[in-house]
There are 2 protein chains.
Amino acid sequence: MSQLRYPGLMATDRDSVLEAAVGILSRRPTAHLDEIARAAGISRATLHRIFPGREALILEVGALGLRRFSAALDTARVEEGNAEAALRRLVDAVVPDAALCAFLAGENQLYDHEEINDLWELQDARVRALFLRGQQEGVFRIELSAAWLSEAFFDLVAGIGCAVQEGRLAPRESAFSLAELFLGGALRRSDTP
Amino acid sequence: MSQLRYPGLMATDRDSVLEAAVGILSRRPTAHLDEIARAAGISRATLHRIFPGREALILEVGALGLRRFSAALDTARVEEGNAEAALRRLVDAVVPDAALCAFLAGENQLYDHEEINDLWELQDARVRALFLRGQQEGVFRIELSAAWLSEAFFDLVAGIGCAVQEGRLAPRESAFSLAELFLGGALRRSDTP
DNA sequence: CGCAGCTGAGACATTCATGTCTCAAAATTT
DNA sequence: AAATTTTGAGACATGAATGTCTCAGCTGCG
C-alpha cells in the first residue's frame with residue numbers, strides 16, 4: 001500500500017532506522033526490539049510496520065553492512081595500483097562503517113542465509129585477491145596466507161568498530177591505528193639500530 | 001547435598017561440561033541449553049543440577065576463560081625478560097585457549113557483573129603493562145597506544161579461536177600466524193631490496 | 001476547515017526458552 | 001544381591017520477547 005508511495009523518503013527512513021539498529025545491535029546483538037525502536041525514535045508498532053519482524057530487521061542490517069563493505073571496496077579501488085596503497089585506501093573507506101562490520105562479525109546467525117553468505121563470500125574473495133596480488137607483487141609477506149590476512153583484517157576492523165563505539169578509541173585515531181598495526185606490526189622497525 | 005561428596009570428580013565433571021559449553025557458545029552465543037547439554041553428553045536435567053541456570057553457566061564459562069587467560073599470562077611470565085620474547089611466549093600460552101577468548105570477546109553481557117569486570121581489568125592491565133614496558137625498552141612502536149595494542153591483540157586471539165573452531169585455520173599454524181602478523185605486520189620487510 | 005493516512009500507546013495472544021518436577025532405569029556402593 | 005544415588009526422559013508451569021490488533025491523536029493535504 002503505502003510503502004511505495006514515497007519510495008525516496010521511505011528509503012531514507014528505512015536506512016535511518018537501520019543505522020540506529022546498528023548502533024544498538026553491534027554492542028548488544030540480543031537487544032530487544034523496544035530498545036531498537038526507541039533508539040530510532042519510533043515506536044515498536046512502526047518498527048513492525050517497516051520490518052515484518054526481528055529476523056527481517058537483522059537480515060536487512062546484515063545486507064546493509066555487506067553493501068557498505070562492498071561500496072568501500074569500490075571506493076578504495078582495491079583492484080588498482082600498488083597493493084599497499086590500495087589497502088590504505090580500503091582502511092580509510094571502511095573505517096566509517098566499522099560498527100557495521102562489527103555487527104557482521106558478531107552475528108554468525110546471518111550466515112544461515114544463503115543470500116547473505118554468497119554476498120559475503122564475494123566481498124571476502126575481493127579482499128583475499130588483494131592480498132594475493134600484494135604477495136605476488138612482493139608487497140605483502142608470503143609466510144602468512146591471504147585467507148588469514150583477510151580474516152585478521154576483518155577482525156581488526158570489527159575490533160575498531162567496537163572500540164570506537166564504546167569510547168575506548170578515538171575515531172580520528174582509528175584509521176591510523178588500524179593501518180599501522182596491520183601493515184607494520186607491533187614491532188619497532190630497527191632498520192637503524 | 002551431593003555436590004560435595006566427590007569434590008574431585010565433580011570438579012572435572014563441571015570443567016568438562018564447561019569445555020563443551022565453550023565449544024558451542026563461542027560459535028553461537030545464543031545456543032539453547034538443550035544443545036549445550038547434548039554437546040556435553042548429559043541431559044538438560046543434569047545440566048541444571050550442575051548449574052542453577054543459564055546465567056550461572058555463562059558466568060562460569062566466563063570465569064573459566066579469565067582464569068585460563070590469567071594462567072597463560074603466568075605461564076608466559078609476561079613480566080620478565082625481553083618484551084618481544086615475552087609476547088611470543090604469551091602467544092604460545094594463549095593459543096590453546098583461543099576459543100575461550102573468542103567467547104569472552106563475544107559475550108559483552110558478561111561485563112555487567114562487577115566480579116568479572118574487575119578480573120578482566122586486572123588481566124588487561126597486565127597486557128597493557130607488557131606493551132608499555134616494550135615501548136619503553138624500544139621494542140614496540142610508540143605511535144600505537146598500549147591500550148590499542150592490547151585490544152588488537154585480544155581481537156586477533158579471539159579471531160584465531162573462531163577461525164580454528166570453524167576450520168578456516170589449521171591449529172598448528174595459528175600461533176605462528178598470530179605472532180607474525182601481530183608483531184611484524186602484513187608488509188614484507190624490505191631491508192634487503 | 002475537513003478528510004485521509006500515518007503514528008504511538010497500549011492491550012492481547014502466541015511462541016519459545018527456561019526452570020521445575022516426577023518417575024523409572026541405570027549405576028554405584030555396601 | 002540389596003539399597004542408595006544419580007541420571008535421563010518427559011510433562012508441566014513460568015516468564016519474557018515477539019507478533020497482532022485496536023483506537024485515539026497528530027500530520028499533511030485538498
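Keep in mind the model is a prediction, meaning the values are calculated, not measured. Just so it is clear: chains get the letters A, B, ... in the order the sequence lines come, proteins before strands, and each one is counted from 1.
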Can you sort out the partners of [X] under side-chain hydrogen bond (donor to acceptor under 3.5 Å, both in side chains), two or more places apart, ordered by chain and number?
| X | value |
| --- | --- |
| S150(B) | D124(B) |
| R168(A) | E166(A), E151(B) |
| R68(B) | E19(B), D97(B) |
| E114(A) | none |

Any donor-acceptor pair under 3.5 Å linking the side chain of D155(A) with the backbone of L156(B)?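 No.
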For residues 150-174 of chain A, which residue pairs pass the ring pair (Phe, Tyr, Trp, His ring centres under 6.0 Å) check, not counting sequence neighbours?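 Non-adjacent pairs meeting ring pair (Phe, Tyr, Trp, His ring centres under 6.0 Å): F69(A)-F154(A), W120(A)-F154(A), F153(A)-F182(A).
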What ring pair (Phe, Tyr, Trp, His ring centres under 6.0 Å) pairs are there with at least one residue in residues 72-95 of chain B, not counting sequence neighbours?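 Matches after skipping sequence neighbours: none remain.
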What integer distance in Å separates [X]:[atom1] from [N]:[atom2]?
| X | N | atom1 | atom2 | value |
| --- | --- | --- | --- | --- |
| D13(A) | dC6(C) | CG | P | 12 Å |
| R28(B) | dA17(C) | CZ | C1' | 13 Å |
| F51(A) | dT18(D) | CZ | C1' | 16 Å |
| L47(B) | dT7(D) | CG | P | 12 Å |
| R49(A) | dT18(D) | CZ | P | 17 Å |

Report the residue (A45(B) or T46(A)) whose heavy-atom-nearest nucleotide on DNA chain C is the more 5′ of the two.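 Looking at DNA chain C, the more 5' nearest nucleotide goes with T46(A).
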Contacting residues from residues 53-61 of chain A, given that a heavy atom lies under 4.0 angstrom of DNA chain D: G53(A), R54(A)
Side-chain donor/acceptor pairs under 3.5 Å, residues 82-94 of chain A, sequence neighbours excluded:
unit_1	atom_1	unit_2	atom_2	d
N82(A)	OD1	E84(A)	N	2.9
N82(A)	OD1	A85(A)	N	2.9
E84(A)	OE2	R88(A)	NE	3.2
E84(A)	OE2	R88(A)	NH2	3.1
R88(A)	NH1	E180(A)	OE2	3.4
R89(A)	NE	A76(A)	O	2.6
R89(A)	NH2	A76(A)	O	3.3
R89(A)	NH2	R77(A)	O	3.1
R89(A)	NH2	E80(A)	O	3.1

Output all residues satisfying salt bridge (charged side-chain N to carboxylate O under 4.0 Å, His left out) with E55(A), sequence neighbours left out; order by chain, then residue number. none
N/O donor-acceptor pairs under 3.5 Å from side chains in residues 20-33 of chain B, not counting sequence neighbours:
unit_1	atom_1	unit_2	atom_2	d
S26(B)	OG	V22(B)	O	2.9
S26(B)	OG	Q165(B)	OE1	2.4
R27(B)	NE	G23(B)	O	3.1
R27(B)	NH2	G23(B)	O	3.2
R28(B)	NH2	E35(B)	OE1	3.3
R28(B)	NH2	E35(B)	OE2	2.9

For DNA chain C, find the residues of residues 33-44 of chain B with a heavy-atom distance under 4.0 Å and give them by number; none if there aren't any. L33(B), R44(B)
Would you mind reading off the bend of the helix from dC1(C)-dG30(D) to dT30(C)-dA1(D) from its two end axes, five pairs each, to 10 degrees?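 For the helix from dC1(C)-dG30(D) to dT30(C)-dA1(D), the axes at opposite ends meet at about 30°.
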Considering only NZ, NE, NH1 and NH2 on the basic side and carboxylate oxygens on the acidic side, decide whether R126(A) and E121(A) come within less than 4.0 Å. no
